[in-house]
Amino acid sequence: QVQLVESGGGLVQAGGSLRLSCAASGRTFSSSAMGWFRQAPGKEREFVATISATGSSTYYADSVKGRFTISRENAKNMVYLQMNSLKPEDTAVYYCAASRSRSYSSRLYDYNYWGQGTQVTVSS
């Protein structure tokens, strides 16, 4: 059992930066790959970034590659998403998720624990 709580969302102008945090609790956190997903109004939830259990491997959606960075501090039970060069199309509710395995994944199916989401709004 893993519980996740996101924070750090807000309003930012295009070209700006935000850092999202995900606080995790549960005995299996350090054994779980983690992911960030987002959902914009009228759209399906989509993959953003993922990181393996140890933090040694990461993978990003093409739309955010080079702009976003996912990281984790297992000793603190924390996962982060650093978002730079933000665009209006990045506006969405961002969700932190924990995988059922140690391997990173871009598939919603592979994640069995989800946070409540945090709103990110990028103005043009």
Side-chain angles (χ1 to χ4, degrees):
Q1 183 75 21
V2 177
Q3 294 79 47
L4 307 171
V5 179
E6 303 96 332
S7 62
L11 175 64
V12 65
Q13 66 181 158
S17 298
L18 281 175
R19 189 193 194 201
L20 305 184
S21 298
C22 175
S25 62
R27 299 179 238 94
T28 63
F29 171 75
S30 62
S31 298
S32 300
M34 302 294 294
W36 287 96
F37 294 78
R38 67 188 183 187
Q39 188 166 22
K43 296 184 178 181
E44 299 295 322
R45 191 168 299 185
E46 66 176 359
F47 166 74
V48 175
T50 183
I51 187 168
S52 60
T54 64
S56 62
S57 299
T58 59
Y59 181 72
Y60 301 89
D62 288 341
S63 59
V64 306
K65 194 172 300 180
R67 299 188 298 120
F68 291 10
T69 302
I70 187 172
S71 62
R72 67 192 298 163
E73 295 182 88
N74 285 352
K76 298 181 179 179
N77 284 7
M78 295 291 292
V79 180
Y80 308 99
L81 185 68
Q82 178 66 46
M83 305 185 295
N84 299 325
S85 302
L86 283 162
K87 306 173 181 179
E89 49 262 47
D90 294 319
T91 295
V93 176
Y94 283 70
Y95 297 90
C96 177
S99 174
R100 52 177 58 91
S101 77
R102 296 178 62 85
S103 302
Y104 66 83
S105 174
S106 62
R107 305 187 305 171
L108 274 72
Y109 177 84
D110 289 328
Y111 295 85
N112 55 346
Y113 301 106
W114 294 83
Q116 83 288 351
T118 184
Q119 177 71 47
V120 172
T121 303
V122 184
S123 61
S124 60

Distance-minimising heavy-atom pair for [X] and [Y]:
X: Ala14; Y: Ser124; value: CB-CA, 4.4 Å
X: Gly117; Y: Val93; value: CA-CG1, 3.8 Å
X: Ala98; Y: Val2; value: CB-CG1, 4.3 Å

Please examine the side chains of [Y] and [X], heavy atoms only from C-beta on, and report whether any two atoms are closer than 4.5 Å.
X: Thr50; Y: Thr58; answer: no
X: Arg38; Y: Glu46; answer: yes
X: Phe29; Y: Gln3; answer: no
X: Tyr59; Y: Ile51; answer: no
X: Met34; Y: Arg72; answer: yes
X: Leu108; Y: Tyr95; answer: no
X: Leu20; Y: Met83; answer: yes
X: Ser71; Y: Gln82; answer: no

Original post:
Do the charged groups of Asp90 and Lys87 touch, with an N to O distance under 4.0 Å?
Top reply: no
If hydrophobic clusters are built by linking Ile, Leu, Val, Met, Phe, Trp and Tyr wherever their side-chain heavy atoms come under 4.5 Å apart, do [X] and [Y] end up in the same one?
X: Val12; Y: Tyr94; result: yes
X: Tyr80; Y: Leu86; result: no
X: Val48; Y: Tyr104; result: no

Subject >> Ser103 vs Ser101, side-chain hydrogen bond (donor to acceptor under 3.5 Å, both in side chains): CA-CA, chis, key distance, verdict >> reply: CA-CA 6 Å; Ser103 302; Ser101 77; 4.5 Å; no
Subject >> Test log, rule side-chain contact (heavy atoms from CB on, under 4.5 Å), inputs Val120 and Leu18 >> reply: CA-CA 9 Å; Val120 172; Leu18 281 175; 3.9 Å; yes
Going from [atom1] on [X] to [atom2] on [Y], what distance comes out if it is rounded to the nearest 0.5 angstrom?
X: Ser106; Y: Tyr111; atom1: OG; atom2: OH; value: 7.5 Å
X: Gln39; Y: Glu44; atom1: CD; atom2: CD; value: 6.5 Å
X: Thr118; Y: Leu81; atom1: OG1; atom2: CG; value: 11.0 Å
X: Ser30; Y: Arg102; atom1: OG; atom2: CZ; value: 7.0 Å
X: Arg100; Y: Asp110; atom1: CZ; atom2: CG; value: 6.5 Å

Subject >> Near-ring test Phe47/Trp36, centroid separation under 6.0 angstrom >> reply: no
Surrounding [atom1] of [X] (heavy atoms of other residues, nucleotides or ligands, distance under 6.0 Å), is the total greater than 12?
X: Lys76; atom1: NZ; answer: no
X: Tyr60; atom1: OH; answer: yes
X: Gln116; atom1: CD; answer: yes

Original post:
Where the side chain of Glu6 meets the backbone of Cys96, is there a donor-acceptor pair that is under 3.5 Å apart?
Top reply: yes
Original post:
Between the main-chain N or O of Gly55 and the side-chain N or O of Asn74, is there a donor-acceptor pair closer than 3.5 Å?
Top reply: no
